[in-house]
There are 2 protein chains.
Amino acid sequence: MELTDRKRQILKVVVEDYIRTAEPVGSKAIAEQMGGSVSSATIRNELSDLVDLGYLEQPHTSAGRIPSPKGYRLYVNELMERQKLSILETEKINEALHGKMEQLDHLLSQAGRAISSFVNYPAYVAATGRKNLTARRFDLLAVDEHSCIVVMMMGDNRVKSQLLRLQLKVDLEQMPTLVNLLNSHFTGVPTAEMNKRLMSVAEEISPQLFLLLSQTIAYAVDVLEEAGQREIITAGASQLLKLPEFRNADKAHELMNFLSESKENLPMPDDGPMQILIGPENVTDALKDTSVVVASYDIGDNMRGLIGVVGPTRMNYATVAARLSGFAEGLTRLFEKQELPPKEEPKK
Amino acid sequence: MELTDRKRQILKVVVEDYIRTAEPVGSKAIAEQMGGSVSSATIRNELSDLVDLGYLEQPHTSAGRIPSPKGYRLYVNELMERQKLSILETEKINEALHGKMEQLDHLLSQAGRAISSFVNYPAYVAATGRKNLTARRFDLLAVDEHSCIVVMMMGDNRVKSQLLRLQLKVDLEQMPTLVNLLNSHFTGVPTAEMNKRLMSVAEEISPQLFLLLSQTIAYAVDVLEEAGQREIITAGASQLLKLPEFRNADKAHELMNFLSESKENLPMPDDGPMQILIGPENVTDALKDTSVVVASYDIGDNMRGLIGVVGPTRMNYATVAARLSGFAEGLTRLFEKQELPPKEEPKK
DNA sequence: TTTAGCACTCCGGGAAAGAGAGTGCTAACC
DNA sequence: GGTTAGCACTCTCTTTCCCGGAGTGCTAAA
């Protein structure tokens with residue numbers, strides 16, 4: 001049996017109607033929406049074929065049809081009309097993204113909330129940590145006898161600093177020595193190796209200095225490892241409760257719990273600018289009957305982040321895809337403009 | 001009519017039974033739980049009185065009784081037995097609070113998640129921003145011709161820093177002048193006044209320096225204002241869906257939406273170590289038929305934060321109160337130990 | 001004041017009935 | 001051969017009705 005043009009057109013109507021109403025679609029309604037050029041009986045024959053082909057499903061014998069995952073897939077790949085964002089929408093997106101880069105966390109959670117309320121589904125945002133981030137430069141600023149400030153610039157040019165309280169008094173004149181040591185021995189060094197280095201210089205310096213040095217390194221390791229972690233932020237989970245497929249509190253609870261407790265398992269594909277995962281295409285059990293649309297954005301030149309939307313399989317793919325990629329582009333632009341690196345660490 | 005001891009005892013039984021089961025409590029069950037010393041008929045008379053007195057309500061004529069807000073209030077104030085935390089629980093709390101102070105946000109959101117999963121209700125955590133935070137000390141570290149690092153220590157001894165890109169080259173030798181200027185004119189100054197100060201020194205220095213100065217001040221204002229904002233974090237909203245009173249998706253949605261979108265309206269009482277708000281005692285509409293238990297913790301010597309729990313009016317007040325104050329104490333201890341200020345800004 | 005007894009109320013669940021939507025099949029039509 | 005009208009049939013959803021159970025409120029006696 002062949003998938004004729006008319007069958008495809010019918011499938012399209014079914015998918016779009018079902019997305020809109022969440023109700024099985026009947027032959028009569030389809031006939032009307034196709035302009036009355038064919039009768040409902042004809043449609044019924046076609047529908048029956050589409051079920052046999054696996055593109056549609058029938059909740060029970062005498063109900064209308066709903067798309068199967070395979071049907072959604074065909075729709076997404078071939079039938080769906082790509083939407084463009086209206087100027088108004090583009091403006092709204094840009095408005096929503098007017099955060100300050102400084103606080104990456106805030107910006108991203110803000111973006112998450114914005115996209116979620118923009119598509120009316122829960123959303124997630126991930127900034128991929130930079131695994132092998134190293135320190136590029138250290139400074140120590142003496143404050144008083146008992147404390148000094150450690151300043152560390154990282155490979156991505158972000159600067160972190162903290163007040164350190166000294167267990168032992170340190171001679172101010174020795175500070176420069178220490179800074180030199182830090183900059184010569186601990187820049188460009190992966191965190192895993194830092195402690196080894198620390199040991200190796202132990203004998204060269206006084207115990208007081210060594211104590212301060214190890215405090216500094218401990219701080220550096222903390223910060224670098226923290227920066228290396230991938231952070232995932234979810235927003236708008238409560239949007240689910242508006243959807244008929246989640247009126248059942250148990251279903252809703254399962255998914256919402258997943259969104260807040262097991263974020264790590266959200267899809268993080270690493271190819272292509274946008275990916276759509278429909279129902280069972282998701283690896284994670286909790287997402288087996290939901291769909292996920294996920295897009296990537298660039299952070300500077302060589303890092304990528306992801307933003308995604310989670311919804312029912314009858315998600316409005318066209319709109320979500322358009323808006324999501326709008327956001328992704330917005331974020332990319334944002335990072336282009338604001339990202340700090342004037343020059344990257346010359347790697348060779 | 002008087003509130004006899006027996007009536008109080010009956011009220012206690014009703015409240016505790018209802019908290020456990022979420023089902024109206026009947027006279028027979030009460031009689032049994034009171035050791036069979038009186039018959040159910042006697043209880044019925046008493047129950048009828050308790051309804052007249054406003055402590056109990058009857059969902060419909062032939063149903064058992066449930067506590068009214070007034071009943072809960074009496075229970076909380078006088079009838080409830082204060083619980084102590086078991087050693088195990090205390091340990092768990094301390095374990096959950098083993099975060100690093102460095103990232104205040106993270107610590108608090110972690111605490112929020114912990115308390116939420118500890119009491120099985122949604123929780124919120126607020127760190128009251130320090131409104132009149134000022135800069136205590138500035139430093140500038142030259143990086144290269146086009147950039148330098150600004151380091152600012154704030155009144156609470158937290159240190160913030162960022163890489164600045166210079167629009168105009170600045171003579172390295174002039175840096176110390178600028179740092180002096182910053183420390184003499186811009187420390188201890190409220191953000192609102194900073195721009196005025198900036199103008200007043202405009203003529204004293206070269207345009208290049210002025211540009212860098214204003215970049216620095218802009219950064220300082222940003223950071224200080226950001227730090228002055230009260231931040232509210234919510235966690236565990238999905239816990240609601242486990243409760244019978246929120247199986248109705250609309251109710252759940254309303255409250256969850258409130259928790260994620262209108263956090264600012266969560267109760268922020270400013271007196272006493274712990275406060276319990278029952279049903280209509282809440283000012284906010286969205287909380288009118290929920291209860292909130294909120295405790296405060298100390299951040300250093302003169303700041304306070306809040307942690308709260310939101311749940312149904314039939315919340316398990318005794319347990320929640322005990323655990324919440326356990327957390328509050330844990331947080332207070334944590335800040336005592338880790339909070340940086342070795343000395344506070346001498347205010348006079 | 002307490003208690004046993006009893007009629008009454010109300011909710012919740014289950015069965016039955018009916019309406020509605022939609023199908024699948026057959027037979028006729030172009 | 002594809003298309004269509006017609007019609008019986010299926011299945012769900014809603015409404016209605018009924019019944020059992022839990023619990024009350026009242027009365028009269030202890």
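Since the model is a prediction, treat every value here as computed from it, not as a measurement. In the text below, chain A, chain B and the rest are named by the order of the sequence lines, each starting its count at 1.
As rounded to whole Å, 16 Å separates atom P of D/dG21 from atom NE2 of B/H60. Taking atom NZ of residue A/K28 and atom C1' of nucleotide D/dC7, one finds them 15 Å apart after rounding to whole Å. Remark: P of D/dC11 and CZ of A/R65 are 14 Å apart, rounded to the nearest angstrom. We find that CE of B/M34 is positioned 15 Å from C1' of C/dT3, with the value rounded to whole Å.
A/T61 has no side-chain polar atom (N or O) that falls below the 4.0 Å cut-off from OP1 or OP2 of C/dG24. Within the structure, every side-chain polar atom (N or O) of A/S40 is placed at least 4.0 Å from both OP1 and OP2 of D/dT4.
Using a 4.0 Å cut-off on heavy atoms, none of the residues of residues 241-252 of chain B approach DNA chain D. Near DNA chain D, meaning a heavy atom under 4.0 Å away, the residues from residues 41-59 of chain B are B/R44, B/L47, B/Q58.
In this structure, CZ in B/R73 is found 6.5 Å from CD1 in B/I276, a value given to the nearest 0.5 Å. Considering CD1 of A/I233 and OG of A/S109, their distance stands at 5.0 Å, rounded to 0.5 Å. To the nearest 0.5 Å, atom CZ of residue A/R314 and atom OG of residue A/S291 are 11.0 Å apart. To the nearest 0.5 angstrom, A/I93 atom CD1 is 7.0 Å from A/I115 atom CD1. Considering CG of A/L240 and NZ of A/K251, their distance stands at 11.5 Å, rounded to 0.5 Å. Rounding to the nearest 0.5 Å gives a distance of 10.0 Å between CD of B/E32 and OG of B/S27.
A side chain to side chain contact (heavy atoms under 4.5 Å, CB included) with A/Y124 is found for exactly one of A/V294, A/I307, A/L259, namely A/V294.
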Please assess A/T319 against A/Q83 for the test side chain to side chain donor-acceptor pair (under 3.5 Å), listing each intermediate value before the final yes or no. CA-CA 6 Å; A/T319 308; A/Q83 280 186 14; 3.2 Å; yes
Apply the test side-chain contact (heavy atoms from CB on, under 4.5 Å) to residues A/M34 and A/I43: give CA-CA distance (whole Å), side-chain angles for both, the deciding distance (0.1 Å), then the verdict. CA-CA 10 Å; A/M34 288 181 63; A/I43 303 288; 4.0 Å; yes
Going through the checks in order, is the side-chain contact (heavy atoms from CB on, under 4.5 Å) test met by A/L266 and A/V310? CA-CA 9 Å; A/L266 282 162; A/V310 180; 4.1 Å; yes
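Taking every heavy atom of both residues into account, B/S116 and B/G236 meet most closely at OG-CA, 3.3 Å.
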Produce a footprint string for nucleotides 13-21 of chain C: one letter per nucleotide, 5' end first; B if the base is under 4.0 Å from any protein heavy atom, S if only the sugar-phosphate is, - if neither. ---------
